[in-house]
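Worksheet: the structure to be examined is printed underneath.
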Amino acid sequence: MNELLQLYQQMIIDHGKCPRNFGELENPTHKQKGFNPLCGDQLEIFLIIDDNDVIQDVKFTGEGCAISMASASMLTELVKGKHIDKANGLVEDFNAMLVTQDVSDEAMERLGKASVLEGVKEYPSRIKCATLSWHALKNACAGEGEATTE
Amino acid sequence: MSQNKSLNIENIRKDFKYLANEKQVIYLDNASTTQKPDVVLNALSDFYRYSNANVHRGAYHLSEVATAKYEQARQVAANFIHAQSSDEIVFVRGCTEAINLVASSFGQQLDAGDEVIISAMEHHANIVPWQMLSKVKGIKIRVINLTESGELDLIHYKSLLNKHTKLVSIAHISNVLGTINDVGLMIEWAHEVGAKFLIDAAQSPAHIQVDVQALDCDFLTFSAHKHYGPTGIGILYGKHSLLERMVPYQTGGSMITSVTYESSEFMSPPHKFEAGTPAYAEAYGMSQALLYLNELGINNIKEAEDDLMAYTLEKFKQRDDLILYGPKNNRIGVFSFLVKGVHAHDVATILDSHGVAIRAGHHCAMPLMHTLSVPALVRASLGVYNTKLEIDHLFDGLNTVKKIFSNE
């Protein structure tokens with residue numbers, strides 16, 4: 001039950017129910033779809049990246065579980081105004097927290113609010129829900145194709 | 001066990017080691033696969049321990065023993081579905097392979113413009129093989145609509161049938177909605193226009209009687225693992241006259257009578273369709289599962305499961321935070337539902353922490369999810385060993401879901 005409450009803590013439920021930066025951007029310079037075929041979660045991330053490679057604005061749409069929505073919501077809050085190199089570094093930090101699970105204290109600090117998603121690592125079948133939007137962001141910045149969790 | 005007495009569920013539970021362990025989760029994912037009784041597990045291990053030799057090959061006693069058990073298993077399967085002859089039973093890996101076999105082999109008799117009818121409640125296994133066939137042969141796929149209550153729209157079905165319809169391929173029971181389709185009537189109508197009828201009985205044998213002669217279906221398939229048998233084995237039933245006219249599916253050893261570099265002669269059905277070393281131990285394991293079901297009595301099972309289903313439906317009725325899909329009647333204990341405002345996967349994780357295993361997702365029926373306008377559903381599905389206490393526990397877990405997500 002403690003692990004469960006760690007997973008579904010209030011901030012995650014809140015971001016899951018009322019995701020920040022939810023919606024489409026009108027003139028995105030970059031956009032990217034993400035799809036998790038296992039659970040049907042799908043989202044699309046929209047970015048305006050300026051000439052200096054700084055993310056001026058970011059929004060997302062989609063539907064999915066509380067974990068995937070909260071994660072995308074926190075991601076957008078975190079990367080807005082950051083250089084894409086920094087954003088990519090944060091994606092690596094996030095992967096270190098949930099996928100390779102060898103995250104440093106500094107990385108956890110850099111992740112800020114998104115570090116509350118650490119509890120997801122106790123639920124292997126849900127890790128992909130949390131990482132979906134982060135994959136999509138990385139691919140969007142690199143101009144690659146649709147992100148999937150597979 | 002007598003056929004006309006209700007089942008003693010507590011005794012049945014003793015047949016399943018999994019259920020004896022109190023630390024195990026409550027298993028309510030039986031539409032996906034069931035737990036296995038000792039009689040099946042022992043049959044498998046005994047076969048490998050004491051009877052293992054390749055079948056239909058060796059001129060030695062051990063191979064004859066193995067072959068006899070393999071062919072007995074075919075007869076048990078034939079008896080179970082009331083087939084005329086065991087020659088109408090082809091062993092396959094499961095329903096998916098069976099439907100691929102029919103699409104690939106019977107499908108060769110179809111031409112561009114011919115039509116295959118499926119329905120809006122099919123599993124991907126009864127959609128994708130026909131799509132592949134349509135790409136090769138130019139056949140058309142027609143899809144029967146659902147009614148609001150989650151049953152097949154038979155008026156729509158009738159309107160789809162025409163002289164171009166060559167095959168109707170329909171789930172006996174929906175793996176999502178639990179609907180028992182009136183395949184008897186549908187088969188009559190299909191035969192009136194000269195179409196053949198395949199029943200995807202993946203969800204049937206553990207829950208309701210299957211009688212291929214009474215139904216007069218042309219093909220029927222089920223997998224063993226959904227009715228207390230092993231994985232990797234199932235059957236395709238086909239009327240013998242049809243199987244005879246069909247080309248082999250896979251080719252190689254076991255299915256030939258003679259081979260030269262230029263050409264080969266094939267065995268008669270069913271062996272024509274069983275290339276390579278078959279899953280003979282699993283086939284024997286499946287036969288023991290079917291005999292186990294016979295011993296319990298399918299009518300007794302239905303009675304017990306109907307009772308538990310009614311209890312569960314009543315629980316759903318009392319909850320306004322849950323949306324249950326599927327019909328009220330003519331159904332089995334498969335409950336696909338949503339918790340209002342909570343994604344199916346969050347429900348599954350919380351229930352898992354609560355010690356209840358259910359499935360969440362699209363249930364290999366993405367087009368149906370689209371029809372229902374839901375990204376995913378939670379599904380609880382009953383087996384013969386489930387109890388009212390376990391259902392109570394499921395609903396306790398759903399209370400926890402509500403608590404966590406209600407910002408209390």
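All heavy atoms count here, side chains included; hydrogens, waters and symmetry mates do not. Quick note on labels: first sequence line is chain A, next is B, and so on, each numbered from 1.
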Assess whether atom NZ of Lys86(A) is packed by more than 12 heavy atoms of other residues, nucleotides or ligands within 6.0 Å. no
Tell me if the CZ atom of Arg319(B) is crowded by more than 12 foreign heavy atoms within 6.0 Å. yes
Looking at side-chain heavy atoms only, is the closest gap between Asp41(A) and His343(B) below 4.5 Å? yes
Which residues in residues 62-78 of chain A have any heavy atom closer than 4.5 Å to a heavy atom of chain B? Glu63(A), Gly64(A), Cys65(A), Ala66(A), Ile67(A)
Could you tell me which non-hydrogen atom of His345(B) sits nearest to which non-hydrogen atom of Arg126(A), and how far apart they are? O-NH1, 2.9 Å
Euclidean distance, Ile404(B) CD1 relative to Leu7(A) CG, rounded to 0.5 Å: 8.5 Å
Rounded to the nearest 0.5 Å, what separation is found between the CD atom of Glu122(A) and the OG atom of Ser353(B)? 11.0 Å
Between Tyr8(A) and Thr349(B), does the side-chain contact (heavy atoms from CB on, under 4.5 Å) criterion hold? Intermediate values first, please. CA-CA 10 Å; Tyr8(A) 288 111; Thr349(B) 296; 3.8 Å; yes
Those residues of residues 368-381 of chain B that come under 4.5 Å of chain A on a heavy-atom basis, listed by number, are Pro375(B), Ala376(B)
If you measure from CG on Leu4(A) to OG1 on Thr400(B), what distance do you get to the nearest 0.5 Å? 8.0 Å
